[in-house]
Amino acid sequence: MKLPRVLASVAGLILVAALPKAVEACSICRCGDPTFNALGSDGYSAKGFRAAFDWERFDKEQGDPAEEAEGVVENRFTALLSYGFNDRLAVVGRVPFSHRRLEATEGGVPADPTTSNGLSDPEVYAQVRLWSSKFGAGLGRRSSISLVGGVKTAWGQNDKRDADGARLDEHAQPGTGSTDVFGGVSWLYLFNKDSALFVSAQYRHPGVNDFGYRYGRTVLGNVAYEHKLGARVDGVVELNGRNAKRDVTDVDGTVDDDTGGTLLYVTPRLLVSVAKGVVLRAAVQVPIVRDLYGSQKERTVVNAGITYLFGR
């Protein structure tokens with residue numbers, strides 16, 4: 001089967017899986033596969049330690065500005081450390097730090113902006129390679145299937161308060177305050193030494209925080225094609241899909257009508273090897289499908305980072 005047909009077939013399967021009517025987009029989950037974003041296709045099979053650091057800017061509005069609405073701009077800084085025990089098993093830890101600015105309006109009247117800084121929710125997970133093809137001459141393992149599973153902890157700050165002691169809005173909190181579990185599967189296929197296809201799907205199940213808030217259950221789907229553009233430069237084009245149920249705002253089960261829906265991004269990414277084992281990365285996630293519930297807007301996400309593969 002020719003490459004364009006392979007890409008079209010896989011992308012179609014992912015999109016069909018990512019757009020079910022019964023699942024609606026969460027107001028906190030990010031599109032994309034964080035491990036592939038930070039470590040690339042090589043990171044999935046590398047032994048030893050790998051480290052990455054990322055900056056990401058996220059911009060969202062929800063609610064009717066003429067009545068009650070809020071807009072959140074978040075700058076998130078995330079450190080990642082991974083250890084590959086062998087080419088079958090790796091453990092990963094991610095520790096994010098969040099800076100948020102929330103601007104709210106009520107009855108069309110803007111309130112003073114709210115800003116917050118603090119630890120967001122660290123994640124710990126493991127990747128296990130279930131199957132791989134035999135080694136090919138000059139290529140290695142052409143194809144592999146892996147499972148990922150882990151926990152997003154409740155260690156992030158979720159009880160930030162203003163000068164008067166009042167708790168800040170949920171969407172101004174650096175962390176969600178809930179323990180979430182997630183799991184998924186990924187497939188990596190090497191066309192040749194210069195190009196690869198990566199496909200992943202993941203389900204995330206949020207818990208309830210101490211204030212009764214629960215973010216929507218989420219399904220993520222990703223298709224990425226990576227191609228070497230030169231001795232030191234790689235290019236990646238991705239489709240990142242996300243669906244999630246609406247958020248529940250309290251212990252009585254009240255649903256926030258301005259959360260939930262479907263998002264699909266196209267993401268061009270550039271990777272530049274600047275030294276042995278050191279890679280600089282930059283990407284933009286551009287929304288091409290927005291089927292969001294209620295009144296919501298999610299804008300382009302900007303990401304930049306650096307990766308270091310020890311011993312490379």
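The structure displayed is predicted, hence computed values, not measured ones.
Legend: side-chain hydrogen bond (donor to acceptor under 3.5 Å, both in side chains) pairs involving residues 107-119, not counting sequence neighbours, sorted by first then second residue: His99-Asn117.
Comment: Glu61 engages Arg299 in a salt bridge, judged by a side-chain N to carboxylate O separation of less than 4.0 angstrom. Salt-bridge annotation for Lys47 and Asp87: absent, with no side-chain N of the basic residue lying under 4.0 Å from a carboxylate O of the acidic one. Ion pairing between a basic and an acidic side chain is recognised when a charged N comes within 4.0 Å of a carboxylate O; Lys152 and Asp180 show such pairing. Salt bridge status for Lys160 with Glu170: absent, with no side-chain N to carboxylate O gap under 4.0 Å.
Arg76 forms no cation-pi arrangement with Phe97, by the criterion of a distance under 6.0 Å to the ring centre and an angle within 45° of the ring axis. For the pair Arg217 and Tyr203, the NZ or CZ position fails the cation-pi test of under 6.0 Å to the six-membered ring centre and within 45 degrees of the ring normal.
Arg141 pairs by the side chain to side chain donor-acceptor pair (under 3.5 Å) definition with Ser132, not counting sequence neighbours.
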Which is it for Glu238 and Asn222 under the side chain to side chain donor-acceptor pair (under 3.5 Å) test, yes or no, and what are the steps along the way? CA-CA 7 Å; Glu238 301 181 33; Asn222 307 284; over 6 Å; no

Does the pair Thr218 and Arg242 meet the rule for a side chain to side chain donor-acceptor pair (under 3.5 Å), with working shown? CA-CA 7 Å; Thr218 306; Arg242 185 188 81 200; over 6 Å; no

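Aromatic ring orientation, Phe310 versus Phe49: perpendicular (interplanar angle above 60°, classes split at 30° and 60°). Ring orientation note: the planes of His171 and Tyr215 are nearly perpendicular, at an angle over 60° on the 30°/60° scale.
Side-chain contact check for Ser144 and Trp131: no donor-acceptor pair (N or O, by modelled atom type) lies under 3.5 Å.
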